[in-house]
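Below is one structure, written out as structure tokens, with a few remarks after it.
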Amino acid sequence: MTVRVRIAPSPTGDPHVGTAYIGLFNYAFAKKHGGKFILRIEDTDQTRSTKESEQMIYHSLKWVGLEWDEGPDKGGPHGPYRQSERLHHYKDAAHTLIERGEAYRCFCTAERLDELRTKQRAAGGRLGYDRHCRGLDNTQARASEPHVIRLKLPTEGKIVVQDKLRGAIEFDAAEIDDQVLLKTDGFPTYHLANVVDDHMMQITHVIRAEEWITSTPKHVQLYKSFGWQAPEFIHMPLLRNADKSKISKRKNPVSLNYYERAGFLPEAMLNYLALMGWTLPDQREKFPIKDMIEHFSFDRISLGGPVFDLAKLTWLNGLYLRELDDDRYLGVLRGHVLSDAYLKRVIPLVKERIDKLEDFASYAGFFFSGKVEHKVEELVAKGKTPAETKKTFELLGEEFDTIVRWEAKLLDERLRAFCEKNALKPKELFMPVRVAVTGRSATPGLFETMEVLGKEVCRTRLRDAIAVLAVVKPG
RNA sequence: GGCCCCUUAGUCUAGCGGUCAGGACACGGCCCUUUCACGGCUGUGACACGGGUUCGAAUCCCGUAGGGGUCACCA
């Protein structure tokens, strides 16, 4: 049996560091055993999936060097590899299940389900679908009405998940919801799509994040209902913020775009990610990924959720950077931080503001630097307190997270709307933001500057500014 | 809250019954150096707690505590 593993990101937003992390472990395992590493795009959420995001996933995965053997752009013997192009498979599968009595149509409205949950919450009991439609015998007749298809789970007994890292994990079948398989819009949920695809694509090992453990019994039941053999499950620990919560953009740069832009080398990135929960038998911390492949084994994975430590990644990156010869160094420098493409975007903003070329670097320095210095007194608008400013920045950070197209015109609109929503005058917001994202009070136009800096840099500097304000003593 | 997972220093980890509990990041000191970095040396610092099992537990078992995840027609 040849090893076949997959990484299955959903194209909703920026390419995530967690995708690279899980991708790496899949990749290392596949390469170790001469198997195949497959990329599958899980775009079954019609409202959130975007083509831009899908493109960024390809770009970032290639950047870190995780080349896939089969995928939407590459093809392969088990395509298509984009779930939105496989809808008929899921539909067929769901109907097969209905015919076998393993699934049923459910006509409950979103309102009824909301109501149900509200009641359950009030009663303090368990949340979950009450199987209202499970016993319906006229489901066939009503097939033309809007409905979802739900999986029938056993009402008693245990469902056992075999996790390669943790052994047997037992769940009471009665505790598990009759999961929706096919949504009203005819699209499958993750649960159905991933099982159908993993089976059809002959995936042998599912290496995914720990957050999936609790839905795995549903998948186990699905394989059983179909009469298919389930793959092996390997649930990796979750990357964490410093406070141990699941890594998130509120507390860390999580976009791979950021790391590429900031001038981290892909080999350092991968090396660092490999260190998160895994060790080489000889304990070396700096190693090329081919060494990981050579020595890879699941029993060297530790299960405590590792805190993603930017400081240590930075140290490791320095090691890699220092061993580059000057020509290669020039190459990576010109490839990212000082690329022609980036300089060409900075020039129009700086040109009219300086008179001698020698002033370029000092005027435009913040376009090229990582961290910028924040002075509290510059960060806080007249008449505002540091605490108020901190609060405003936190809200603004969340606003940033929802902005998909990071362009000056849109930023202008969004920030003005933000002022209105939060009862702020533009000048009470714009100067503090300027200082937060550039570290300076004299800069080119704020929105143009923000566009060129990019979302991730702005987000990171805003986060840093928040941290500076957080240590100010009130009064 | 129910269910599930996890638990060695601030952080990443080694350890798989007998070790002075080892390494790395960060932090402090010293050396190198015109400065700053790099580099070298060095220091502070950990087995969550309580019961067992055992001649002997960081290592095995059971509790407790803590942390995390999950409870969607999102993945």
Side-chain angles (χ1 to χ4, degrees), chain A residues 8-13 16 18-19 40-49 83 106-110 112-114 116-117 120-129 146-150 159 161 163 165-177 179-194 208-218 235-247 272-286 299-319 321-323:
Chain A
S10 61
T12 54
H16 202 274
T19 303
R40 184 170 73 219
I41 297 293
E42 307 228 334
D43 57 347
T44 56
D45 184 341
Q46 288 192 89
T47 56
R48 295 196 307 150
S49 297
Q83 290 187 327
C106 168
F107 301 88
C108 292
T109 59
R112 192 184 101 79
L113 295 175
D114 278 349
L116 180 68
R117 267 190 288 271
Q120 289 172 332
R121 216 180 298 271
R126 192 169 62 252
L127 302 174
Y129 181 58
H147 63 273
V148 301
I149 293 177
R150 285 182 187 270
I159 296 181
V161 172
D163 181 277
L165 303 179
R166 303 154 221 266
I169 305 172
E170 279 193 2
F171 295 85
D172 261 324
E175 302 279 335
I176 305 165
D177 248 12
Q179 184 61 48
V180 171
L181 300 177
L182 212 59
K183 307 181 236 182
T184 307
D185 64 5
F187 275 60
T189 58
Y190 170 82
H191 307 285
L192 209 220
N194 112 83
R208 69 199 344 173
E210 192 179 1
E211 56 189 330
W212 293 107
I213 287 182
T214 46
S215 49
T216 307
K218 294 168 185 172
H235 289 98
M236 293 294 297
L238 246 20
L239 255 24
R240 313 292 183 105
N241 295 314
D243 64 3
K244 298 278 190 180
S245 57
K246 173 163 93 168
I247 195 166
Y272 180 69
L273 256 14
L275 251 23
M276 301 276 86
W278 189 80
T279 45
L280 221 39
D282 65 9
Q283 288 287 285
R284 258 180 307 141
E285 295 207 279
K286 179 174 177 295
D299 52 24
R300 294 204 63 80
I301 290 175
S302 58
L303 296 175
V307 171
F308 188 88
D309 181 5
L310 207 46
K312 188 155 181 177
L313 166 61
T314 302
W315 160 78
L316 193 59
N317 195 57
L319 254 35
L321 232 27
R322 245 163 258 131
E323 78 184 9

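It should be emphasised that the depicted structure is a prediction, and the values quoted were computed from it without experimental measurement. Naming convention: chains lettered A, B, ... in sequence-line order (proteins, then strands); numbering from 1 in each chain.
The side chain of A/Arg300 approaches B/G15 more closely than any other nucleotide in the set B/G15, B/G39, B/A75. Comparing atom distances between the A/Glu285 side chain and each of B/G23, B/C25, B/G39 picks out B/G23 as nearest.
Using C1' as the reference atom, B/G50 and B/G2 are 26 Å apart when rounded to the nearest Å.
A donor-acceptor contact under 3.5 Å is not formed by the side chain of A/Arg166 with the base of B/C5.
Nucleic acid contact class of A/Thr279 (heavy atoms, under 4.0 Å, all strands): sugar-phosphate only. As judged by a 4.0 angstrom heavy-atom cut-off over every strand, A/Glu175 is placed among residues touching the sugar-phosphate backbone only. Here A/Pro11 lies out of heavy-atom contact (under 4.0 Å) with every strand.
Closest-nucleotide positions on RNA chain B for A/Arg322 and A/Ile169 were compared, and the one nearer the 5' end corresponds to A/Ile169.
In this model, no donor atom of one side chain and acceptor atom of the other lie less than 3.5 Å apart for A/Asp45 and A/Ser49. Checked by atom type, the side-chain pair A/Gln46/A/Asp185 shows a donor-acceptor distance below 3.5 Å.
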>> I need a per-nucleotide contact map over nucleotides 65-72 of chain B, read 5' to 3'. Cutoff is protein heavy atoms under 4.0 Å; write B for the base, S for backbone only, - otherwise.
In response: --SSBSSS

Hey, what are the protein-to-nucleotides 42-46 of chain B N/O distances that come in under 3.5 Å?
none

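Applying the Watson-Crick and G-U wobble criteria (two distances, each under 3.5 Å), B/U34 pairs with nothing in any strand. Pairing of B/U59, defined by two Watson-Crick or G-U wobble distances under 3.5 Å, is not identified with any nucleotide. Of all nucleotides present, only B/U11 satisfies the Watson-Crick or G-U wobble test against B/A24, with each distance under 3.5 Å.
Going from atom CG of A/Leu165 over to atom C1' of B/C16 covers 16 Å, rounded to whole Å.
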